[in-house]
Amino acid sequence: MVAGTLDDWLLDSDPALRWQVERDLLHLPTQVWAATRARVASAGFGARLLALQDPDGQWAGGAFFPAGFDFDDAGAWERDGQPWTATTWTLNSLREWGLDPDALAGTAERLAAHCRWEYDNLPYWGGEVDCCINSWTLSNGLWLGADVDGLVDWFLAHRLPDGGWNCEWVDGATRSSFHSTLNTLKGLLDYERVTGDRERVRAARRAGEEYLLTRGLYRRLSTGEPVGPWALRLAYPFRWGYSVLNAADYFRAAAIHDGTAPDERMADAIALIRAARQPDGTWLQGGRHRGQVWFEVDVPAGEPSKWLTCYATRVLRWWDDHRRVGSGPA
C-alpha cells in the first residue's frame, strides 16, 4: 500500500521519474521540473548508467548484445532471456529518462567509429534490418545529433500494405506487427518533433496509427479478440514490448504534438487501463522482462509501480480532460 498521498509517493522517486511527475501530473513551473530533469545526469539511475559507459562510447562492448554473447547457445534465450545492458538499450533508457544529450557529448562520434551491429557488422548509425532497432537508432541519433536521416527513407520504403511495420519482413512477413508498428511510430514522431518536417513522414505515421486504432489498440481485426495476453499486461520497463498502456501513452504524445483530441477508438483500451488501477490509486507491476540488467529500476511483479502509475495516471487524465471539455457544460 502507498503511504501518504499518491503525489508524495510518486515524488519520492529517482530524478528520471520525478521530473515527469512534476511536469505531467502536478503541472509545476518549468523551472522546477527542468531542475529535477537536469539531475538525471548527476544522480540516481542516469548517473549510474553514465558511469558504465566504455571508453569507445559503447556499453557492455556491443550494439544490441553485450560483447561475448553466445548466439550459438540455443538454450540461453529460454534460460536467461534477452540481455538489456548493451549500447542501444542503455541509450534508450537515458533518452526516455530525459538525460540532457550534452552529458553524452562525443558519444555519437565514438559510436560511429567503434560500434557495429551484430547483424552483418553494419555501421551503427546506419541501422540494420529490424524495424524496432532502426526506430531506436533514429530516435537516439536525433537526440545525440548523429546523421540518421537515411533511416527515415528506410521506414517509408518498408511500410507494409496494411499500414504498419513488421520486424520479420526480412523473413517474408506481409502483415504488420503491433510491437513493430508502435516502436516505429515512436521514431517517426521523434523525427517530426526534432526536425519539424511533418510532410515527409506524416502519411506513413497516420497509416501506422490507423493500423492500431482500427484494432482498438489490442484486438485482432479478424475476430475482435485480444491479439494476445501481452497486449493487456502492464509492465515497466516497456523495452520492445507492446501493451495498451505503452500504445496509449504514444497516442497521448502524438495528440499533444498534433494538437488533436483523443481518438474515440481508444475507449475500450482506456477502460482496460482504468480497470487495472488499485483502490489506492496505483498500478501493479505486471512482470519485468527476463534478462541481464545493469540494475533494476522498478519493483518486482505484483508490487505497486511508480513508473506504471505515472504513465497510466497521465494517460487517464489526458483522456478524461478532453472528454470533459468535449461534453460541454454539466
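Model, not experiment: these values are computed from the prediction.
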Item to check | Exercise: identify the closest heavy-atom pair between G208 and W165 | outcome: CA-CZ3, 4.0 Å
Checklist entry - Of Y124, W59, W136, which is the lone residue that meets side chain to side chain donor-acceptor pair (under 3.5 Å) with T88? => result Y124
Checklist entry - Got W283 and W307 here, is their nearest side-chain heavy-atom distance under 4.5 Å? => result no
Checklist entry - Are L185 and L160 in one and the same hydrophobic cluster, where Ile, Leu, Val, Met, Phe, Trp and Tyr link if side-chain heavy atoms are under 4.5 Å apart? => result no
Item to check | Residue R175 excluded, over 12 heavy atoms near CZ under 6.0 Å | outcome: no
Item to check | Pair F155 and Y191, ring centroids less than 6.0 Å apart | outcome: no
Checklist entry - Just wondering, do T87 and F64 contact through their side chains at under 4.5 Å, heavy atoms? => result no
Next on the checklist: For Y242 and Y218: C-alpha separation, side-chain torsions, deciding distance, then whether ring pair (Phe, Tyr, Trp, His ring centres under 6.0 Å) applies.
Outcome noted: CA-CA 9 Å; Y242 186 96; Y218 73 99; 9.5 Å; no
Checklist entry - Would you say the side chain of Q82 lies within less than 4.5 Å of the side chain of W89, judging by non-hydrogen atoms? => result yes
Item to check | F178 ring center near Y211 ring center (under 6.0 Å) | outcome: yes
Item to check | Shortest non-hydrogen separation from A108 to W125 and the atoms involved | outcome: O-NE1, 2.9 Å
Item to check | Minimum heavy-atom distance between R220 and P226, given as atom pair plus value | outcome: NE-O, 4.1 Å
Item to check | Check: F238 ring centroid to Y311 ring centroid under 6.0 Å | outcome: yes
Item to check | Note, V315 side chain near F251 side chain (heavy atom, < 4.5 Å) | outcome: no
Checklist entry - Looking at R37 and E22, does any basic side-chain N land under 4.0 Å from a carboxylate oxygen? => result no
Item to check | D149 with R200: basic N within carboxylate O range, under 4.0 Å | outcome: yes
Item to check | Salt-bridge present (D249, K186; N to O < 4.0 Å) | outcome: no
Next on the checklist: Is there a path of hydrophobic side-chain contacts, each under 4.5 Å between heavy atoms, that joins L10 and L234?
Outcome noted: yes
Checklist entry - Should R252 and D24 count as an ion pair when the cut-off is N to O under 4.0 Å? => result yes
Checklist entry - Looking at Y236, is R288 sitting on its ring face, NZ or CZ under 6.0 Å from the six-membered ring centre and within 45 degrees of the normal? => result no
Checklist entry - So, do E128 and N134 sit near enough that their side-chain heavy atoms are less than 4.5 Å apart? => result yes
Checklist entry - Heavy atoms, side chains only, cut-off 4.5 Å: are K306 and D14 in contact? => result no
Item to check | Shortest non-hydrogen contact between R198 and D258, atoms and distance | outcome: NH1-OD1, 3.8 Å
Item to check | Distance-minimising heavy-atom pair for S93 and L49 | outcome: CB-CD1, 4.1 Å
Next on the checklist: Tell me if the CD atom of E168 is crowded by more than 12 foreign heavy atoms within 6.0 Å.
Outcome noted: no
Item to check | Path from L284 to L232 over hydrophobic side-chain contacts below 4.5 Å | outcome: no
Checklist entry - Hey, are the side chains of W19 and L28 touching, using non-hydrogen atoms and a 4.5 Å cut-off? => result no
Next on the checklist: One thing to verify: whether E225 and R219 come together as a salt bridge, which I'm taking to mean a side-chain N less than 4.0 angstrom from a carboxylate O.
Outcome noted: no
Checklist entry - Quick one: do R206 and E210 make a salt bridge, cutoff under 4.0 Å? => result no
Checklist outcome for this item: Correct closest heavy-atom pair for N183 and C132 would be ND2-SG, 3.2 Å
Item to check | Aromatic ring proximity, centroids under 6.0 angstrom, H289 and W84 | outcome: yes
Checklist entry - Counting heavy atoms not belonging to E303, are there more than 12 under 6.0 Å from its CD? => result yes
Checklist entry - Is the closest basic N to carboxylate O distance between R193 and D190 below 4.0 Å? => result yes
Item to check | Linked, directly or transitively: L308 and L26 (ILVMFWY side chains, under 4.5 Å) | outcome: yes
Next on the checklist: For a 4.5 angstrom cut-off between non-hydrogen side-chain atoms, does W33 reach R18?
Outcome noted: no
